[in-house]
Every structure is written in structure tokens, then in C-alpha cells.
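For clarity, every value in this text was computed on a predicted model and none was experimentally measured. Here is how names work: the chains are called A, B, and so on, in the same order as the sequence lines, proteins then strands, and each is numbered from 1.
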There are 2 protein chains.
Amino acid sequence: MRGVSDVQTNRADTLPEGAKAQRVYLSLRDQITGGALSNGDSLPGEQRLAETFGVSRVTVRRALDALAGTGLIERRAGSGTTVRNGQGEDKPVAMNFTTLMPQLVEMGHSTTARLLSFSYGTAPDFVARAMGLAANDEVQIATRVRSADDTPFSHLTTYVPAAIARNYSEDDLASQPLFALLERSGVEIEEAHQSVSATLAGPEVADALGIAVGSALLSLRRVVRDINGNGVEYLSGLYRPDMFRLEMPLTRVGQGAARHWEPAIGQDGEGTA
Amino acid sequence: MRGVSDVQTNRADTLPEGAKAQRVYLSLRDQITGGALSNGDSLPGEQRLAETFGVSRVTVRRALDALAGTGLIERRAGSGTTVRNGQGEDKPVAMNFTTLMPQLVEMGHSTTARLLSFSYGTAPDFVARAMGLAANDEVQIATRVRSADDTPFSHLTTYVPAAIARNYSEDDLASQPLFALLERSGVEIEEAHQSVSATLAGPEVADALGIAVGSALLSLRRVVRDINGNGVEYLSGLYRPDMFRLEMPLTRVGQGAARHWEPAIGQDGEGTA
DNA sequence: AAAATCTGTATTATCTATAATACTAATTTA
DNA sequence: TAAATTAGTATTATAGATAATACAGATTTT
């Protein structure tokens with residue numbers, strides 16, 4: 001009854017039931033995947049963890065059970081618990097600032113898209129406002145999940161004015177980046193505004209991304225306008241932080257008071273190899 | 001025993017305790033903020049919601065209590081529950097891409113900093129690796145919390161090589177952006193690499209930011225290097241998504257195959273007024 | 001070998017989320 | 001006005017998460 005869950009490498013569907021155990025689990029998990037706890041590191045003892053989190057040892061135990069189930073930690077009686085962060089950081093998909101719009105083509109990974117829903121309807125309030133549409137304007141609403149090497153990493157919902165959206169098909173959406181489709185449709189893209197934030201995974205998104213409800217997600221909102229200032233795309237994207245990072249290499253240019261930062265294009269901070 | 005919690009407008013501290021209530025809360029919240037439920041919309045009755053989610057009415061009630069606490073819904077006996085997606089978005093602190101390094105000076109808000117901890121020690125593995133230091137190199141480790149209008153919104157931990165850090169005092173850290181202190185110390189900053197992701201609030205950070213353990217946080221890692229390629233600062237920043245957004249206005253420049261995106265400097269997408 | 005530390009396991013008690021039910025008061029609808 | 005629907009409130013019961021405690025087995029340290 002938990003949707004699609006028995007996948008090959010679903011290391012994420014083991015959330016403990018209790019609320020406190022959940023927090024301990026999620027907190028430790030993020031410390032590991034986030035780099036605060038590296039591979040060989042040994043965790044504090046269960047008793048100490050219990051004190052740190054202000055819960056009982058049983059609760060800590062549940063969280064550790066879940067973590068051990070995902071393979072993130074290894075426990076040995078007498079010795080202790082050590083981090084088993086499957087070594088090399090797993091190379092999450094990195095979206096560079098400058099290659100941001102072209103939506104992750106050629107990333108070294110083979111990314112695929114799956115269309116979850118597709119419909120036409122009136123634009124929601126906040127979309128209409130952001131894009132500068134009338135309240136009754138019709139838009140195409142599509143939700144897609146993108147995967148890298150068969151692991152889903154992003155949940156994207158796009159709103160495109162119906163007049164523009166008619167220029168491409170449903171199949172196009174599943175196979176090509178929306179960005180390319182827009183330009184193919186003759187839209188002259190001029191400006192975009194992006195806002196990055198964070199949120200928690202709700203049931204639907206969690207299911208689609210193969211993660212636990214309550215996991216942290218990177219949230220990105222994007223409004224794209226053409227040369228006339230008309231909104232042509234509204235994107236609401238949710239990304240798994242363990243699979244996806246937004247990278248921004250910067251260099252400092254100019255002299256004196258005019259000295260400021262600019263994106264370092266053409267060079268990757270970490271390398272995408 | 002929950003640390004500082006009775007703040008004026010902390011709407012982020014309302015995650016329900018129970019696991020089922022959490023799911024209902026997150027699901028409804030996402031439907032609202034995601035646009036599936038717009039402003040004036042009225043929700044189904046509590047009894048119906050209970051049936052839909054397969055939980056009891058008490059559980060639904062908890063979720064709704066939390067939603068009402070955040071101001072996302074409004075409940076009236078006899079009438080029902082309506083979505084109050086308070087449109088104006090509450091104007092959180094917005095950090096523009098181009099003004100990113102100067103760390104939020106002149107934001108329209110009065111931001112203050114509080115020094116949580118301050119010490120010298122050997123750099124953690126991941127810091128040493130990222131900055132290109134030897135494993136035993138000494139660094140200054142400082143943790144600060146920044147607040148806007150007395151509401152904390154960011155939790156920053158910085159690592160600076162001891163040799164550089166000796167050039168400024170502990171008091172300097174509490175009053176000035178680290179960035180300014182570095183340049184004052186004669187460091188010639190040349191390059192930075194930032195990585196944005198998301199994570200969950202652990203006990204310490206949650207307490208410092210006045211939010212609930214398990215809340216979503218925007219996570220930013222920054223490595224700054226000087227003209228010789230030596231790492232001079234490593235920053236690990238956690239930001240409350242309800243108080244902080246990373247904004248990126250972009251424009252499309254160039255022609256043909258060379259057409260690409262560049263940050264639109266000097267113009268704010270939302271306005272910082 | 002002894003001591004200390006750790007996970008593994010078990011037991012019991014308590015607290016709390018959840019469920020089921022009933023009722024009141026406000027509001028809308030017929 | 002009467003009926004229906006709704007949120008607000010309260011009560012009771014149950015199940016499950018959590019806490020507190022104790023001890024055994026494994027491992028490391030002294």
C-alpha cells in the first residue's frame with residue numbers, strides 16, 4: 001500500500017514510524033550524505049546520541065536500525081557504529097549555474113524523463129501573477145520526473161500558456177527539455193528569474209521521487225519571459241539533495257569599488273567527469 | 001526544555017508531533033503552496049478529509065491546527081475551512097546572486113549577528129579537502145547566527161586558516177561580515193565555489209534558529225580561494241526557507257550557438273524595498 | 001586478564017498519538 | 001423557521017512510540 005517501493009536500490013524508504021525516531025534518522029542521514037560525517041567516521045555511542053537528541057536509547061536505536069537498513073552505517077557489537085557512506089560521494093548530478101536552463105543535458109549521466117500528468121486548465125493564482133497572465137488564461141500543466149541512471153532526482157511542474165504549448169506534443173515533453181521546445185516554437189526567450197529555497201517532501205512527491213515523506217528537498221521556482229516581457233514558462237522544481245546540487249563557480253573581477261563577483265563560465269568547480 | 005521557542009512570528013515551528021498528522025499536514029501544505037489549492041478555495045470538511053486520508057478526525061484536526069498556525073488556512077465554525085494563501089509572500093530576506101558574497105548588508109532589514117562559538121583547531125576532513133589544506137593545519141572555527149528584525153534566519157559556520165584569522169578579533173566577527181575581514185587582512189580574494197542544497201534541521205541548529213527539529217533548510221557550502229589558489233574560507237550556511245530565498249535574475253545574451261545565460265546585475269527581480 | 005565501552009536484547013512502565021463517539025455552537029441552505 | 005453542515009470541544013479506549021532499566025555478548029583498551 002506504499003506505492004512503488006520495492007525497487008532495486010531504494011535506500012530511502014525505511015523511515016521509522018515514530019516522530020522522534022524520524023527526526024533522529026533524518027538528521028543523521030543528512031549529516032552523512034551532507035559530508036558532516038564522512039566515510040570511516042565512527043558515530044557517538046547510542047547512549048550519547050540519546051542524550052544529544054534528548055530522546056531515549058530505544059528511539060535512537062530505531063533510527064540507527066533504519067540507517068543500517070539503507071547501508072549508510074555499519075554496526076558492530078563492542079566496536080561501535082561507523083559511517084559507510086558508499087565511498088566517493090556518489091557523484092550527485094550537479095547543475096551548473098550557467099548551464100542551468102538547458103536542463104541537464106549531457107551531464108555525464110543518462111537522464112530520462114517520465115511524464116506524470118498532463119493537462120490544460122486555468123492558471124493557478126500565483127502562476128498567473130508571476131507570469132503576468134489574466135486570471136482565466138489557459139495554460140498547459142505538466143508534471144515530470146527526471147531520473148539519472150534510473151534514480152529519480154527531480155520533480156518538475158511546468159506551466160506554459162496554451163497558445164505556446166500547442167506547438168509541441170505530449171511526447172515531445174517526455175523526451176526533450178521544455179526549454180528546447182519553447183525555442184523550437186519560436187519563442188524568443190529573454191529573461192528568467194529564479195528563486196531557490198527548501199521544503200519538505202509531501203506524500204505524492206515523496207512517492208514519485210522514491211524518498212521518505214518529510215525528507216528535505218531543494219525547491220526552485222523559475223519564471224521565464226520573452227523579449228516582450230510576457231511569461232512563457234513557470235517552473236516549480238523539487239530536487240533530491242542527495243542526488244542534486246546547484247553549483248556556482250564565481251570569480252572576482254573589477255578594481256576598487258567596482259570590484260564584484262561574476263560567474264566563472266566555462267570552468268567547472270568540481271569537474272563533471 | 002525546548003530552547004528559545006516563544007518568539008513572535010515563528011511560523012515554522014508548527015510541525016505536528018504524530019507521524020500521520022505530519023503526513024496530512026505536509027500533503028495539504030504542498031497542495032496549497034503548490035497551487036493545487038488556491039486562495040479562496042474551501043477545503044473539504046474535516047470528516048471528509050479524515051476519510052480521504054484514512055485517518056481519524058482528530059488527526060486531521062492536528063494537521064489543520066498546524067496549518068492555521070502558519071496562516072495558510074482559516075477556519076470558521078459552521079462555515080468551513082478556506083485557504084488563506086496570504087498572497088504577499090511575506091517578503092523574506094532575499095539574497096541576490098550578485099550581492100551574495102557581501103553577506104546581506106543593506107537588505108532593507110536590520111540584520112544582526114550573534115557569535116555562538118569560536119575556537120581554533122584542526123580542520124575537519126571535508127574542510128581540509130575542499131580548501132586544499134594539510135590534515136593537521138589549524139583553522140579558526142566560528143559559528144554565527146544572523147537575524148533580521150530579531151528573527152534568526154541563518155546559521156553560519158566558517159573555517160579560516162589560523163594564519164589569516166589572527167588578523168581580526170572575535171568582536172570583529174560578531175559585527176562585520178567575514179568577507180570584509182578577510183579583505184582587510186590583506187587576502188586577495190579571487191575565486192569562490194558555491195554549492196546549494198537542502199537538508200533537515202538537527203537539534204542544535206533548530207534551537208539556534210528557533211525552528212522545529214526536522215524542518216527543511218537551505219544549505220549552502222562555499223569555498224573561497226585567493227589569487228594563489230589557496231583556500232581562505234570555507235562556509236557552511238543553513239538558512240530558514242521561510243525567511244530566506246536565493247534569488248537569481250538572468251538574461252539571455254549572445255547570438256546563435258553562443259547564446260547563453262548571464263546574471264542580470266543591477267536589477268532585482270522582486271525588489272528589495 | 002581486567003576494565004571499559006559498545007551493540008544486542010529484553011522487560012516493564014508511561015506517555016502520547018490515534019481512533020471512536022457524542023455533543024455544542026456557528027453558519028449556511030432549503 | 002427548520003434542516004443540514006460545519007468547526008469546536010470533550011470523553012474514553014486502544015495501540016504504539018517512548019522511556020527507564022538491566023543484563024548479555026562482542027570488542028577494544030589498559
Check the distance between [N]'s [atom2] and [X]'s [atom1] and give it to me in whole angstrom.
{"X": "B:R76", "N": "D:dT6", "atom1": "CZ", "atom2": "C1'", "result": "11 Å"}
{"X": "B:E46", "N": "C:dA19", "atom1": "CD", "atom2": "C1'", "result": "15 Å"}
{"X": "B:E74", "N": "D:dG8", "atom1": "CD", "atom2": "P", "result": "11 Å"}
{"X": "A:L64", "N": "C:dC6", "atom1": "CG", "atom2": "P", "result": "13 Å"}
{"X": "A:L43", "N": "C:dC6", "atom1": "CG", "atom2": "C1'", "result": "13 Å"}
{"X": "B:R48", "N": "D:dA7", "atom1": "CZ", "atom2": "C1'", "result": "15 Å"}
{"X": "B:Y25", "N": "C:dA17", "atom1": "OH", "atom2": "C1'", "result": "18 Å"}

Filtered N/O pairs between nucleotides 16-19 of chain D and protein, under 3.5 Å:
{"from": "D:dA17", "atom 1": "O5'", "to": "A:R62", "atom 2": "NH1", "distance (Å)": "3.2"}
{"from": "D:dT18", "atom 1": "OP1", "to": "A:A19", "atom 2": "N", "distance (Å)": "3.3"}
{"from": "D:dT18", "atom 1": "OP1", "to": "A:K20", "atom 2": "N", "distance (Å)": "2.8"}
{"from": "D:dT18", "atom 1": "OP1", "to": "A:A21", "atom 2": "N", "distance (Å)": "3.4"}
{"from": "D:dA19", "atom 1": "OP1", "to": "A:K20", "atom 2": "NZ", "distance (Å)": "3.4"}
{"from": "D:dA19", "atom 1": "OP2", "to": "A:S56", "atom 2": "N", "distance (Å)": "2.4"}
{"from": "D:dA19", "atom 1": "OP2", "to": "A:S56", "atom 2": "OG", "distance (Å)": "3.3"}
{"from": "D:dA19", "atom 1": "OP2", "to": "A:T59", "atom 2": "OG1", "distance (Å)": "2.9"}

Based on the rotation axes of five pairs at each end, what angle does the helix from C:dA1-D:dT30 to C:dA30-D:dT1 bend through, to 10°? 30°

For a quick test of reading the model, state the closest non-hydrogen atom pair linking A:A123 to A:L133 and the distance between them. CB-CD1, 4.4 Å

Taking all non-hydrogen atoms of both residues into account, name the closest pair between A:Q22 and B:A19 and its distance. NE2-CB, 3.7 Å

Is it true that a side-chain atom of [X] and a backbone atom of [Y] form a donor plus acceptor pair closer than 3.5 Å?
{"X": "B:R240", "Y": "B:T151", "answer": "no"}
{"X": "A:S56", "Y": "A:V58", "answer": "yes"}
{"X": "A:S27", "Y": "A:V24", "answer": "no"}

Within the structure, does a side-chain N or O atom of B:R61 lie under 4.0 Å from either OP1 or OP2 of D:dG8? yes

N or O in side chain of B:T81 less than 4.0 angstrom from D:dA7 OP1/OP2: yes

Evaluation steps, side-chain contact (heavy atoms from CB on, under 4.5 Å), between A:L217 and A:H155: CA-CA 10 Å; A:L217 292 174; A:H155 180 277; over 6 Å; no

Parallel, tilted or perpendicular for B:F244 and B:F153, by the 30°/60° rule? parallel

Any salt bridge between B:E170 and B:R144, counting N to O under 4.0 Å? no

Quick check on DNA chain D: between A:Q47 and B:Q47, whose nearest nucleotide comes earlier from the 5' end? B:Q47

Quickly, which of A:R221, A:R222, A:R129 forms a side chain to side chain donor-acceptor pair (under 3.5 Å) with A:Y234? Name it, please. A:R221

